[in-house]
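Here is how names work: the chains are called A, B, and so on, in the same order as the sequence lines, proteins then strands, and each is numbered from 1.
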Amino acid sequence: MSWKETLNLPATDFPMKADLVRREPVIQARWDAEDLYGSIRRERAGARRFVLHDGPPYANGDIHLGHVLNKVLKDITVRYRTMRGDDAPYVPGWDCHGLPIELEVVKQLGAAAKDTSKVEIRRLCREYAERWLDVQRTSFRRLGCLGDWGRPYATMTPAYEAGVLDVFADLVEKGYVLRGLRPIHWCVQCRTALAEAELEYEDVESPSIHVRFAVRSDGLARVGGEPADVVIWTTTPWTLPANRAVAVHPELPYAVVVHDGPDREQRAIVALPLVAAYLAAVGATDHTVPLVLPGAELVGLRLHHPFLDREVPVVAADYVSADDGTGCVHTAPGHGADDFETGRREGLELACPVDAGGVYTADVGVESLVGVHVFKANEPVLGLLRERGRLAASTRFRHSYPHCWRCKRPVIFRATDQWFVSVDHEDLRARAVAACDDDVAWVPAWGRLRLRGMLLGRPDWCISRQRAWGVPIPAVYCEDCGSVHCTPELVRHARDLVARHGADAWFERDIAELVPAGLRCGCGGARFRRETDIFDVWFESGSSWRSVLTDAHGLQFPADVYLEGHDQHRGWFQSSLLPALAVRGAPPFRTCVTHGFFIDDRGEKLSKSKGGMKELAPQVIFEQIGVDIVRLFLMTGNYFGDVPVSRRLVKPAEDQYRKIRNTFRFLLGGLAGFAPREDHVDVAHLRAPDRWVLQTLDVLAADVERAYEAFEYQRAAALLRDFMDHDLSAFYLDIVKDRLYCAKPGGVDHRSVQTALFRLATVLVKLWAPILVHTCEEAWSALAPFGIEGSVHAATWPHHGSDDRTRLTWMEQLREVRTEIQRLVDPLRKSGEVGSGQDVAVRWNCLDETLAHALSVDAAALIGDDADEGLREILGVAEFVRVNAPEDPAALEGLAPTGREGLQLAVARSQLRRCERCWRRRAEVPEGADALCARCEPFRPHGTAS
RNA sequence: GGGCGACUAGCUCAGUUGGUUAGAGCACGCGCCUGAUAAGCGCGAGGUCAGUGGUUCGAAUCCACUGUCGCCCA
């Protein structure tokens, strides 16, 4: 007869096939319908608040894999903290202002852009940002991220803009804000200042020229008495009209080199280590060096500008190196950061004869250059140099050069009037470094060093931009004398206006409404015009703590965590730290967590020109792969560093997912007929393997918890995967199948397993829940018949105790033995001698005290009643017999050493008869067809012959 | 060019403060089971821990240099 019907085979509604693409939206719809986020918040009201402050993505275009990783990590964090019992709100935000959106809008307007008012452009920008905000929000929700999606923050709302102005007003009041002429990166195409973050470095080919600056005759005595030239090297000939000095390193040796030239002998002054390079560049064939002198002795020499009627000094500068060029550095204070600093120190003129569009102004000093675009000026400048015999050499040079992130054109350095936040006012820089060291935790730890280095090296923060789409800088200029007014009162006046009417008011209202009543200029004037510059978007997002970390959003200052890509060390982390420190005196975050970026499976960064990662576009994830699989995939690698991605690399995660899912399915299936409250078996009465597995689960839960606490979610996933693979699927579940299927339903053997399975299921679903958000919710629902209610995401984190490891180490030893047996059985299987382990008889002898003890005394103590049966169950064999070596040396025949020191084993086909129901070979099974073991005999239907 | 990281099996990664024979998953090879079945299980092969030099009784692990890659900057 078929005994299958007399077994308790697994049964559950939890399907093997995930069908994530179809099922995830259904689960999300239920979360929405039941207002899961809102109800959790209400439930956690008054609990310890955990604030993760969302860094706002830019509301421009579809989301990509980078957004996915970032939002998933945030979601895991929020869900984990929530399960720990914290009140962990998540308020998503969007960065809405800025150049990319404005340029996109302007591009769409085409020729009409010129005739479109600023306010109209702003309106179009707002619509554009709103549209993408919605698109992105839909995608983020589809990723299963839990949050206050109905009430996000957006940097273009009046409340947010007012917050930016609050921060600015405080900075003005405390004296951090200054206005000045500075050379900054400038895009002549976009006609705007660019932040460091808006630059992209690309290789370009530039002219590479050596230019001779003649030493004025009264200085020749210091350089050998003969006419000589200081030779500089530059890749930007167009900046030569703005040259105001030549810098040398005071401690570097300089050589006077005499060499042959095209028409006459030349005497050139260059750094000694660079003489050979110089001679090669000018093509000299022989030379002498009559004089070497330190740079310090050159300082103060006066030089003739190569084509302008002016003299420029030789000055000292530390940054001059002997690595390239000539060691004599062309210095144009209006066109370079180092040059500017040098110029300020030496009192040089800050010349910048270039207008916003990149065209030379009349100040350039050469009639023929006026009106020429600097990108087309290199040839004319070279012409001037040639005419005057000042061009020593000219070639081309390939190097990395900054480009505008939006229009991709090369940028220039140009001196302009800008607004700055001083980084050194009231020791802000030093305080920021100290805060980095003492008040902020960094995950991974090297984030501290990174931000530290950036803070120490950074210049003052240029916060102004000459564009339309942003928060206006509230300042006015006197119409009579031109002086600027930007007081705390004026800023706060504007702040109130913006809070009520939005930032557009600044551009559309009458000037009288923008300034406090009765404002007078020092010159007596009372007529003003408004500043039209707007804030750097980094200043806006860096002020988010002011308007977002507030009660209005259910948040508070400071945030527990900022969690972003590690490009935000320089970006948002820094731009948030500085204003908060200046205004509030404290960092806005307690911990900064960073993740890495994606590279393709060849180790190269993903670039849009190569098609980005289309095979893993969010649409593909949503419609073909499933979010949970991708969430799992993202938790397999080390997301703190570079994350390699490709469709091919996701494959293993799909397999892993199926394994996890099926293990859940098996756990759930084994629970059929179990009523937790009534059928639950006390720990003390649990069978040995069941008691062991729950203890192991406790250890696992503690490890997983530590991993979550440390933001090492990939570690949590790895621990869980290993446990489900090795400890459950390959070991524990294998050994308990017999009791689960064949033991008397409702008996202790059966209920003991079910007690373990029930706890395994509920705990594992919880431990996975922050990562596999949908699958765990589905599994949680499948536990409904066993009294489980609600959402797993509203459930609380499992308790776990017991540090007693004796049972664990005991079982470890048994597993070693099990492995050794399997190793020996393998050849028997391949030869067809045995099928499963249930056909195997094992004889063993052990020379190792500890192991022998574990297999005998410990087994008796930990298994209880029938230790032999217990060992057979754990080891998965039909017979496990210790040979009586001392009294019967012949019994050692056939025993072989194993990988485990001291353990000797012999395996063979068991000669015992097999129980037809449970397939175990046992001594008591009688001969004949349909023979059953003693345990199974009661399942024989009445009237059936044995 | 500078700062910060990374480099371990064909691929993706573990490897807690230096300490037995460097682990796992995928892929690969050989099998088992058919009572988790569009599942499950076992065994096996595969590594000069990027390279070179150093510290140490002992280095994948600490130090220096070199190479390749990434991020940030110049």
Side-chain angles (χ1 to χ4, degrees), chain A residues 2-12 14 16-17 196-197 199 201 319 321 323-324 336-338 399-402 444-454 456-458 565-571 574 594-599 601-606 633 636-638 640-646 648-656 658-659 661-670 706 714-715 718-719 721-722 725-726 729-731 733-734 737-738 740-742 818-819 821-832 834-839 876 899 901 917-919:
Chain A
S2 162
W3 295 101
K4 195 168 171 179
E5 293 106 68
T6 70
L7 302 177
N8 283 303
L9 293 179
T12 174
F14 187 76
M16 179 181 285
K17 187 166 161 33
E196 300 289 351
L199 300 177
Y201 287 80
Y319 54 80
S321 83
D323 293 343
D324 50 22
D338 285 340
H399 63 139
S400 169
Y401 191 85
W446 50 263
R448 167 176 288 122
L449 281 178
R450 204 156 190 244
L451 190 54
R452 221 173 176 281
M454 290 169 179
L456 288 173
R458 71 157 299 151
H566 57 58
D567 57 335
Q568 300 303 334
H569 281 122
R570 172 161 295 269
Q574 201 184 173
T594 54
H595 59 256
F597 287 80
F598 292 109
I599 54 177
D601 54 7
R602 291 192 310 278
E604 310 267 314
K605 70 171 166 181
L606 297 184
F633 164 69
T636 53
N638 173 14
F640 294 127
D642 301 329
V643 182
V645 285
S646 71
R648 177 180 71 81
L649 292 176
V650 174
K651 263 271 189 255
E654 295 178 27
D655 296 338
Q656 285 290 351
R658 270 193 289 274
K659 185 69 177 287
R661 189 176 176 91
N662 272 316
T663 303
F664 272 131
R665 184 170 133 91
F666 186 84
L667 294 175
L668 293 165
R706 266 193 293 279
Q714 79 283 84
R715 186 187 189 81
L719 287 164
R721 251 185 291 128
D722 283 355
D725 265 18
H726 300 136
S729 193
F731 179 61
L733 297 180
D734 196 48
K737 274 175 194 167
D738 173 68
L740 195 58
Y741 298 167
C742 306
R818 190 177 143 105
T819 299
I821 293 172
Q822 284 168 333
R823 199 166 280 158
L824 292 174
V825 167
D826 197 53
L828 265 56
R829 276 205 188 128
K830 284 180 177 159
S831 68
V834 299
S836 77
Q838 289 302 336
D839 296 331
E901 184 78 33
R917 179 167 178 273
C918 69
W919 297 346

Q. Can you name the residues that form a ring-ring contact (aromatic ring centres under 6.0 Å, His included) with A:F731, not counting sequence neighbours?
A. A:W692
Q) In chain order, what residues pass the side chain to side chain contact (heavy atoms under 4.5 Å, CB included) check against A:D826, with sequence neighbours excluded? A) A:K830
Q) Tell me: CG of A:D642 to P of B:rA6, nearest whole Å? A) 11 Å
Q. Donor-acceptor pair under 3.5 Å: do we get one between A:R570's side chain and the base of B:rC71?
A. no
Q | Nucleotide B:rC41, atom P - distance to CG of A:L828 in whole Å | A | 22 Å
**Q.** Separation between the C1' atoms of B:rA59 and B:rU17, rounded to whole Å
**A.** 14 Å
Q) When all nucleic acid strands are considered with a 4.0 Å heavy-atom cut-off, which category describes A:L7: base, sugar-phosphate, or nothing? A) base
Q. Reckon A:A718 touches a base, only the sugar-phosphate, or nothing at all at heavy-atom distances under 4.0 Å?
A. nothing
Q: Give A:R917 one of three labels, base, sugar-phosphate or nothing, depending on what nucleic acid heavy atoms sit under 4.0 Å from its own.
A: base
Q: Would you mind reading off the distance between A:H569 atom NE2 and B:rG3 atom C1', rounded to a whole angstrom?
A: 12 Å
(Q) Return whichever of A:G899 or A:P652 has its heavy-atom-nearest nucleotide of RNA chain B closer to the 5' end. (A) A:G899
Q | Check: B:rA27 base within 3.5 Å donor-acceptor of A:K651 side chain | A | no
Q) Ring-on-base stacking between A:W919 and B:rG35, under 5.5 Å between centres and under 30° between planes: is it there? A) yes
(Q) In this structure, how many angstroms lie between the P atom of B:rG3 and the CZ atom of A:R452, rounded? (A) 15 Å
Q) If only atom types and distance count, is the side chain of A:R917 paired as donor or acceptor with the main-chain N or O of A:C742 below 3.5 Å? A) yes
Q) CH2 of A:W446 versus P of B:rC72: gap in Å, rounded? A) 11 Å
**Q.** Flag, side chain of A:R450 to backbone of A:H566, donor-acceptor distance under 3.5 Å
**A.** yes
Q: Under 4.0 Å between any heavy atoms, over every strand shown, what does A:R458 touch: base, sugar-phosphate, or nothing? Just pick one.
A: nothing
Q.
Once you apply a heavy-atom cut-off of 4.0 Å, does A:S729 come out as touching a base, just sugar-phosphate, or nothing?
A. base
Please write out the pairs of protein N or O atoms and N or O atoms of nucleotides 28-31 of chain B separated by less than 3.5 Å, giving the distance to one decimal.
unit_1 : atom_1 : unit_2 : atom_2 : d
B:rC30 : O2     : A:K830 : NZ     : 3.0

Q. Hey, does the side chain of A:D734 reach the backbone of A:A730 with a donor-acceptor pair shorter than 3.5 angstrom?
A. no
Q. Where each residue is assigned the nucleotide of RNA chain B containing its nearest heavy atom, which of A:Q714 and A:R658 is assigned the position nearer the 5′ end?
A. A:Q714
Q.
At 4.0 Å (heavy atoms only), tell me whether A:G835 reaches a base, stays on the sugar-phosphate, or touches nothing.
A. sugar-phosphate
Q: List the steps and the verdict of side-chain contact (heavy atoms from CB on, under 4.5 Å) for A:T12 and A:R665.
A: CA-CA 7 Å; A:T12 174; A:R665 184 170 133 91; 3.8 Å; yes
Q | Residue list, ring-ring contact (aromatic ring centres under 6.0 Å, His included) with A:F640, at least two apart or on another chain | A | none
Q: May I have the distance from A:K659 (atom NZ) to B:rA36 (atom C1'), rounded to whole angstrom?
A: 11 Å
**Q.** Results of side chain to side chain contact (heavy atoms under 4.5 Å, CB included) for A:P10 - residues two or more places apart only
**A.** A:F666, A:Y741
Q) Parallel, tilted or perpendicular for A:F597 and A:H595, by the 30°/60° rule? A) tilted
Q) So what does A:N662 hit on the nucleic acid, given a heavy-atom distance under 4.0 Å: a base, only sugar-phosphate, or nothing? A) base
Q. Starting at CZ of A:R823 and ending at C1' of B:rC32, how long is that distance when rounded to a whole Å?
A. 17 Å
Q: Nearest whole angstrom, please: distance from the P of B:rU34 to the CD of A:Q838.
A: 12 Å
(Q) Show me the dot-bracket string of RNA chain B, counting Watson-Crick or G-U pairs under 3.5 Å, with | for pairs to another strand and [ ] for crossing ones. (A) (((((((..((((.....[...)))).(((((.......))))).....(((((..]....)))))))))))).
**Q.** salt bridge (charged side-chain N to carboxylate O under 4.0 Å, His left out) assessment of A:R570 paired with A:D567
**A.** CA-CA 6 Å; A:R570 172 161 295 269; A:D567 57 335; over 6 Å; no
